[in-house]
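For reference, the structure is listed below as structure tokens.
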Amino acid sequence: MGRKIQIIYFAGCPIFEDVKNALIEADIDDFELIKQDDLPSGNRFRKFSSPSILINNELVFGSRTDHSSCSMGKPSIKDLKERLAALSS
């Protein structure tokens with residue numbers, strides 16, 4: 001089964017680069033970047049905190065929200081690998 005990984009973020013998000021780099025350090029480099037600033041106002045991806053990570057459309061980091069907000073904390077490399085393994089099995 002293939003996997004689809006998406007990082008949703010807005011410009012200036014203070015932890016976006018850290019989260020992106022954590023994915024890369026976890027040997028996950030096949031992800032799509034979705035910049036909220038470039039999306040129309042009704043787009044479903046605008047209703048996530050920044051950054052959020054979706055794997056196969058399942059939210060694994062971040063949260064759903066009604067307005068622009070930052071995600072709290074950042075996932076560890078170990079946590080990302082465990083979540084990816086759980087979704088792949």
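Of all heavy-atom pairs spanning Ala11 and Lys35, the tightest one is CB-CE, 3.8 Å. Here the closest non-hydrogen pair linking Cys70 and Pro14 is SG-CD, 4.0 Å. Among all heavy-atom pairs drawn from Ser63 and Ser52, the shortest one is N-OG, 3.6 Å.
With hydrophobic clusters built from ILVMFWY side chains whose heavy atoms lie under 4.5 angstrom apart, Phe48 does not share a cluster with Leu33. Cluster membership for Leu54 and Phe10, using ILVMFWY side-chain heavy atoms within less than 4.5 angstrom, is not shared. Hydrophobic cluster membership is shared by Ile24 and Ile55, with clusters built from Ile, Leu, Val, Met, Phe, Trp and Tyr side chains linked at under 4.5 angstrom.
A donor-acceptor contact shorter than 3.5 Å is absent between the side chain of Ser69 and the backbone of Ser49. Checked by atom type and distance alone, the side chain of Asn56 never pairs as donor or acceptor with a backbone atom of Glu58 at under 3.5 Å. Panel note: side chain Gln36, backbone Phe45; a donor-acceptor pair is recorded below 3.5 Å.
By the 4.5 Å heavy-atom criterion applied to side chains, Phe31 and Gln6 are not counted as neighbours. Side-chain contact between Tyr9 and Val19 is absent, with no heavy atoms from C-beta onward closer than 4.5 Å. Between Asp66 and Lys47, the closest side-chain pair of non-hydrogen atoms falls below 4.5 Å.
Atom CZ of Phe61 sits about 4.5 Å away from atom CD1 of Ile15, to the nearest 0.5 Å. To the nearest 0.5 Å, atoms CD1 (Ile8) and CG (Leu59) are separated by 7.5 Å. How far CD1 of Ile53 is from CG of Leu23: 4.5 Å, rounded to the nearest 0.5 Å. In this structure, the separation between CD1 on Ile7 and CD on Glu32 is 10.0 Å, given to the nearest 0.5 Å.
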